[in-house]
Structure formats: structure tokens, C-alpha cells
Amino acid sequence: MSVTQQLLTLKNTLPESVTLIAVSKTKPKALILEAYETGHRDFGENKVQELTSKFEQLPKDIKWHMIGHLQRNKVKYIVPFVHIIHSVDSKRLLDEIQKQAKNVNKRVAVLLQVHIAKEATKFGLDQEELEDVLKLKEHYTHITFKGLMGMATFTEDSEAIRSEFSFVKTLYDKHLGSWEKDPILSIGMSSDYQIAIDCGSNMIRIGSAIFGHR
Ligand SMILES: *Cc1c(COP(=O)(O)O)cnc(C)c1O
């Protein structure tokens with residue numbers, strides 16, 4: 001199936017409450033434009049250089065989501081245009097986003113990434129770190145806290161995935177009062193988005209199921 005067909009077929013199956021991010025990392029501009037022509041506007045990238053170069057070359061009404069691990073020295077390149085940063089995994093990164101957002105006189109929307117997977121290689125805050133950061137929320141005058149993001153363990157064991165997603169949903173609900181309007185729970189990728197939606201996801205990040213294997 002073409003990108004257009006995959007995207008439209010997938011969208012047809014999603015509940016209205018779920019926003020689809022088309023993860024276009026490693027994919028050429030032509031394929032992004034094909035998805036754009038269907039009316040789709042939310043795209044996700046995981047590398048700063050690729051994100052900024054695609055931003056420069058593609059239509060300006062695209063909403064760009066930064067979904068990959070973000071180094072502090074690169075924050076300044078994306079703050080001026082990024083729609084949401086999904087992958088905030090430390091207080092030091094928040095401090096840098098606050099500083100750069102202030103510089104350009106903008107409020108930046110972020111999700112706090114929670115470490116839910118078994119793999120040590122995946123990034124994210126643990127529960128205690130999350131709660132410490134949220135205590136300082138008022139200090140971040142140029143950051144809008146929209147909710148949480150999580151990545152489940154890469155496994156065939158759907159019950160294990162379900163329990164990880166349920167854990168992040170519990171944290172999301174516990175701190176519902178911290179999220180600004182239209183809060184976001186960003187969980188679910190090509191292989192596990194149905195479980196994520198069952199667990200309360202309202203934003204899924206889908207790459208290979210739209211654009212094919214990388
Ligand atoms: C690549 C990536 C995705 C999409 O993965 P697929 O399995 O291709 O759907 C989602 N979230 C993050 C953080 C990613 O890096």
C-alpha cells in the first residue's frame with residue numbers, strides 16, 4: 001500500500017480522541033509531502049539536525065514533534081519552531097528549554113518522558129524524578145506542561161506492554177492537575193498502539209506502519 005493508503009486506513013480505525021503523529025525519521029521529503037497532501041499535519045522526528053532541515057524545506061503549517069532524546073546543546077535549534085517536545089527526561093534539559101524559550105519570548109509545550117521499559121537504554125524519568133520536577137513547575141514560566149510520554153519494552157509479550165502502559169497512565173491521572181488544557185498521554189508505536197489506546201493513550205507515534213520499514 002502507498003503512504004496515502006496506509007495513513008488513511010489507519011486514521012479510519014482510530015477513535016476521535018486519539019491524535020496520530022506520523023513519524024517520518026529517515027524518510028525523504030517526498031513521502032512526507034505525500035502524507036501532507038492528505039491533510040495530515042502532525043509529524044515526528046527524533047534527530048535535531050534532520051528535524052531542522054525538514055522544517056526549513058517543508059510547508060510551514062506542519063506541526064513538528066520532537067520525539068527522540070534531546071541534548072541540551074541542541075535545544076536552541078528547535079525551540080523557535082517545535083510544536084511539542086515529547087522527550088523531556090531531566091531537570092537540566094527543562095532548565096535549558098526554559099532559557100531558550102525565554103530568549104525567543106515563546107512558551108514551549110513539553111511532555112515529560114517516563115521510563116517504563118525494562119531496557120536500560122531507553123530514556124526517561126522515574127516516578128520520584130517526575131514528582132520532583134512537577135514540584136518546580138511554577139518556576140518554568142516559559143514551559144507548558146501538557147502531559148507524559150512513554151515507550152514500552154520491545155517485546156512480543158503484550159501483557160508486559162500493557163502493564164507498562166498502565167503504569168504511565170496511573171502517573172498521568174495522578175498528576176492530572178499539573179497538565180495544562182487538552183492534556184496529552186503520548187504512548188503507542190506501530191507495534192503496540194492498540195494496547196496503548198486500550199490503556200488510555202490520546203496520542204500515538206506511528207512510523208513504519210505508515211511509511212514502511214526503516
Ligand atoms: C521511531 C519512533 C517511533 C515510531 O516507531 P515505529 O515502530 O516505526 O512506529 C515512535 N516513538 C519514538 C520515540 C521513536 O523514536
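Just so you know, ligand 1 is whichever comes first in the structure, and atom 1 is the first atom listed for that ligand.
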Contacts satisfying ring-ring contact (aromatic ring centres under 6.0 Å, His included) that involve residues 98-126 (not counting sequence neighbours) are His69-Phe123
Item to check | Charged tip of Lys91 within 45° of Tyr140 ring normal and under 6.0 Å | outcome: no
Check: Taking atom types as modelled, is there a side-chain donor on Lys29 or Gln57 under 3.5 Å from an acceptor on the other?
Finding: yes
Exactly one of Ile78, Ile21, Asp42 clears side-chain contact (heavy atoms from CB on, under 4.5 Å) with His83, and that residue is Asp42
side-chain contact (heavy atoms from CB on, under 4.5 Å) test vs Val75 passes for just one of Val108, Asp95, Ile97, namely Ile97
Practice prompt. Start with the C-alpha distance between Asn202 and Tyr172, add both sets of side-chain angles, then the distance that settles side chain to side chain contact (heavy atoms under 4.5 Å, CB included), and finish with yes or no.
Written response: CA-CA 12 Å; Asn202 61 16; Tyr172 173 79; 3.8 Å; yes
Distance filter under 4.0 Å, heavy atoms only, around ligand 1 gives Val23, Lys25, Ile67, Met151, Met189, Ser190, Arg205, Ile206, Gly207, Ser208, Arg214
